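Worth saying up front: this structure is predicted, and the values here are computed from it rather than measured.
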Amino acid sequence: MLDPSPARGAPPPDQSHVQSLETELEAHRLSGDTVALAETCMKLGQAYAALGRFRRALTTYEEALKSFEELDDRTSRVTCLKAMAGLCYGEGAWNRALDLYHQALHQLRDPEERPEIAQTHSQIGSVYHGQGNWEKALESYRASLAIREALGDAPGMALLFNNLGAVYARQEHWEGARQAWAKCLALHEGGGDLAGQAITLGNLGSLAQRQGQWPQALSWYERSLRLYRETGDALGEATIHNNVGFVQKQLGDLGKALAAYQEALKLLHQIGDSLRATVTMYNMAMIHEDQGNFREALRLLEQVIELDRRIGHPDLRRDMETFRRVRQKLDAGRDAKRMQEERA
């Protein structure tokens, strides 16, 4: 739940729309209309970004930026710099993203721009977070949090406590993560944000899980599940069911673990998420292997391997090796049984 950097989720534009913008841009270049040119560059940059054409998008944004500088339009310059930074963030071009976000931050100086300043600090923190530079991420998140606290921005504060908790967890600073997520949860509860509560409860469950605190993890996960069901978030619910399956397996209750994985699989099939479904089926196969149900394990692994091949999953080789191992166990059991029957 990091501060959004690149725009995501919007459907990609069709090619005719892109061609229309390209034609429009060329006309503005010929006419020398700098305002219209900059505006069209921004629209076209967004279209290229949505289509995954990173270099074209960045080049088009750069043309817009030059126009905004000619016009001495500081507000639009900041918007453009942050659009470019978000694009670089999405591509993992961390250093370029940091440079662009810092340029944008340098432009923001008016008191009424404090919400934008806070968001930019948070976005810089997200880049450091992605880079694995934990101390710099914490520094940026704290700078953003201080402004949001001064503004009384409860949703923004919740976002920052969430991000701080994520960094502390990566550092294995468990108590820091727990405190940050507890504050995040309280803010979500105060604001009636059920989706935020579900996510944070899941984070607290994951934190307990990573420390081997299995009963506590289950307690957090059960609370999270209820809210995911209430909000209708099937993917979130499936994720928590998968986590519950793992915890139940650690507790030695393979039946409950299998039931949790089956619930997750049902939801993943409903939303058509084949990638996560393969992981869940693999987990189920491992439980059947532990129970000695080798035929059922092999049936599931066959489905996993079929999906792996269809979607180009990177775990194909591992899954095939697992299939061979389980098959050897089944064959060994058959051979042992046959030898016993022959002796009898």
Margin query: Quick one, Leu218 with Leu251, criterion side-chain contact (heavy atoms from CB on, under 4.5 Å). Give me CA distance, side-chain angles, the key distance, then yes/no.
Written below: CA-CA 10 Å; Leu218 282 179; Leu251 287 168; 3.6 Å; yes
Item checked: Candidate pair Leu58 and Cys88, rule side-chain contact (heavy atoms from CB on, under 4.5 Å), full reasoning -> CA-CA 8 Å; Leu58 204 55; Cys88 292; 4.1 Å; yes
Next item on the list: Please lay out, stage by stage, how Tyr261 and Phe246 fare under the test side-chain contact (heavy atoms from CB on, under 4.5 Å).
Entry: CA-CA 9 Å; Tyr261 285 136; Phe246 177 86; 3.8 Å; yes
Next item on the list: Could you walk me through whether Gln131 and Asn133 pass side-chain hydrogen bond (donor to acceptor under 3.5 Å, both in side chains), step by step?
Entry: CA-CA 5 Å; Gln131 219 174 19; Asn133 191 335; 4.6 Å; no
Checklist line | salt bridge (Lys or Arg N to Asp or Glu O under 4.0 Å) between Glu116 and Lys82, intermediate numbers included | finding: CA-CA 11 Å; Glu116 185 78 12; Lys82 293 184 73 173; 2.8 Å; yes
Item checked: Candidate pair Leu81 and Tyr61, rule side-chain contact (heavy atoms from CB on, under 4.5 Å), full reasoning -> CA-CA 8 Å; Leu81 284 165; Tyr61 280 138; over 6 Å; no
Note to self: Could you go through Asp99 and Gln103, starting from their C-alpha distance and side-chain angles, then the distance that decides it, and tell me whether this counts as side-chain hydrogen bond (donor to acceptor under 3.5 Å, both in side chains)?
What the structure shows: CA-CA 6 Å; Asp99 177 59; Gln103 286 186 52; 2.9 Å; yes
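Partners of Glu189 under the salt bridge (charged side-chain N to carboxylate O under 4.0 Å, His left out) rule, at least two apart in sequence or in another chain, are Arg223. By the side chain to side chain contact (heavy atoms under 4.5 Å, CB included) test, Ala64 pairs with Cys41, Met42, Phe68, Cys80, sequence neighbours left out. Not counting sequence neighbours, the partners of Glu113 by the salt bridge (charged side-chain N to carboxylate O under 4.0 Å, His left out) test are Arg74. Contacts of Glu39 classified as salt bridge (charged side-chain N to carboxylate O under 4.0 Å, His left out), with partners at least two apart in sequence or in another chain: Lys43. Ala36 meets the side chain to side chain contact (heavy atoms under 4.5 Å, CB included) test with His28, Asp33; sequence neighbours excluded. In this structure Glu139 satisfies the side chain to side chain contact (heavy atoms under 4.5 Å, CB included) test together with Lys136, sequence neighbours excluded. Annotation: side chain to side chain contact (heavy atoms under 4.5 Å, CB included) contacts of Thr34 (sequence neighbours excluded): Ser67, Glu70, Leu71.
Nearest heavy atom pair, residue Leu300 against residue Ala285, reads CD1-N, 3.8 Å. When all heavy atoms of Gly45 and Thr60 are compared, the pair lying nearest together is N-CG2, 3.8 Å. Nearest heavy-atom pair, Ala198 versus Ser224, reported as atom, atom and distance to 0.1 Å: O-OG, 2.8 Å. Taking both residues in full, the closest heavy atoms of His17 and Pro13 are given as CD2-CB, 3.8 Å, listed atom of the first, atom of the second, then distance. Contact record, Ala47 with Leu21: CB-CD1, 4.4 Å, taken as the closest heavy-atom pair. In this structure, Gly205 and Ala217 approach most closely via the heavy-atom pair O-CB, 3.5 Å.
There is no path of hydrophobic side-chain contacts, each under 4.5 Å, that joins Leu265 to Leu267. Hydrophobic clustering of Ile, Leu, Val, Met, Phe, Trp and Tyr side chains at less than 4.5 Å, counting indirect connections, unites Leu258 with Ile240. Residues Leu160 and Trp134 share a hydrophobic cluster, clusters being chains of Ile/Leu/Val/Met/Phe/Trp/Tyr side chains in contact below 4.5 Å. The hydrophobic cluster containing Leu87 does not contain Val18, counting ILVMFWY residues as joined when their side-chain heavy atoms lie under 4.5 angstrom apart, directly or transitively. One hydrophobic cluster holds both Phe323 and Tyr282 under the rule that ILVMFWY side chains link at heavy-atom gaps under 4.5 Å.
Applying the side-chain hydrogen bond (donor to acceptor under 3.5 Å, both in side chains) test to every pair with at least one member in residues 45-54, sequence neighbours left out, gives these pairs: Glu22-Tyr48, Tyr48-Arg56. Applying the salt bridge (Lys or Arg N to Asp or Glu O under 4.0 Å) test to residues at least two apart or on different chains, the pairs with a partner in residues 237-247 are Arg229-Glu237.
Panel note: side chain Tyr89, backbone Ile124; no donor-acceptor pair is recorded below 3.5 Å. A donor-acceptor pair under 3.5 Å links the side-chain atoms of Asp14 to the main chain of Ser16, judged by distance alone. Remark: side-chain polar atoms of Asp253 are paired, donor with acceptor, to backbone N or O of Lys256 under 3.5 angstrom. In terms of modelled atom types and a separation under 3.5 Å, the side chain of Arg276 and the main chain of Ala238 share no donor-acceptor contact. Under a 3.5 Å cut-off, the side chain of Ser140 and the backbone N or O of Ala137 do not form any donor-acceptor pair. The closest donor-acceptor contact from the side chain of Ser122 to the backbone of Tyr141 lies at 3.5 Å or more, if one exists at all.
In this structure, His241 and Gln262 have side chains that are not in contact, with every pair of non-hydrogen atoms separated by 4.5 Å or more. Inter-residue side-chain proximity for Glu222 and Val244 is flagged as unmet; no heavy-atom pair is nearer than 4.5 Å. A 4.5 Å side-chain heavy-atom check between Asp72 and Arg77 finds at least one atom pair inside the cut-off. Annotation: side chain of His288 is not in contact with side chain of Phe294 (no heavy-atom distance under 4.5 Å). Looking at Gln171 and Leu138, their side chains come closer than 4.5 Å, going by heavy atoms from C-beta outward. Using a 4.5 Å heavy-atom threshold, the side chains of Leu145 and His121 count as separate.
A salt bridge links Arg29 with Glu63; the closest basic N to acidic carboxylate O contact falls under 4.0 Å. The pair Glu296-Arg299 meets the salt-bridge criterion, since a charged nitrogen lies less than 4.0 angstrom from a carboxylate oxygen. Ion pairing of Arg327 with Asp331 is present here, as a side-chain N (NZ or NE/NH1/NH2) and a carboxylate O approach within less than 4.0 Å. Ion pair Lys249/Glu289 not flagged as a salt bridge, since none of the NZ, NE, NH1 or NH2 atoms sits closer than 4.0 Å to an Asp/Glu carboxylate oxygen.
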Taking only distance into account, with no hydrogens and no angle test, what donor-acceptor pairs under 3.5 Å do side-chain atoms of residues 304-316 form with protein atoms, sequence neighbours excluded?
| unit_1 | atom_1 | unit_2 | atom_2 | d |
| --- | --- | --- | --- | --- |
| Glu306 | OE2 | Arg310 | NH2 | 3.3 |
| His313 | ND1 | Asp315 | N | 3.0 |

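Considering CG of Leu164 and NE2 of His173, their distance stands at 11.5 Å, rounded to 0.5 Å. Taking CD of Gln209 as the reference point, atom CG of Asn203 lies at 12.0 Å (rounded to 0.5 Å).
Cluster partners of Leu185, using a side-chain heavy-atom cutoff of under 4.5 Å among ILVMFWY residues and allowing indirect links, are Trp174, Trp181, Leu194, Leu201, Leu204, Leu207, Trp220, Leu227. In the hydrophobic clustering, where aliphatic and aromatic side chains (Ile, Leu, Val, Met, Phe, Trp, Tyr) are joined below 4.5 Å either directly or transitively, Leu235 groups with Leu268, Ile271.
Counting non-hydrogen atoms of neighbouring residues, nucleotides and ligands closer than 6.0 angstrom, the CZ atom of Arg210 exceeds 12 such neighbours.
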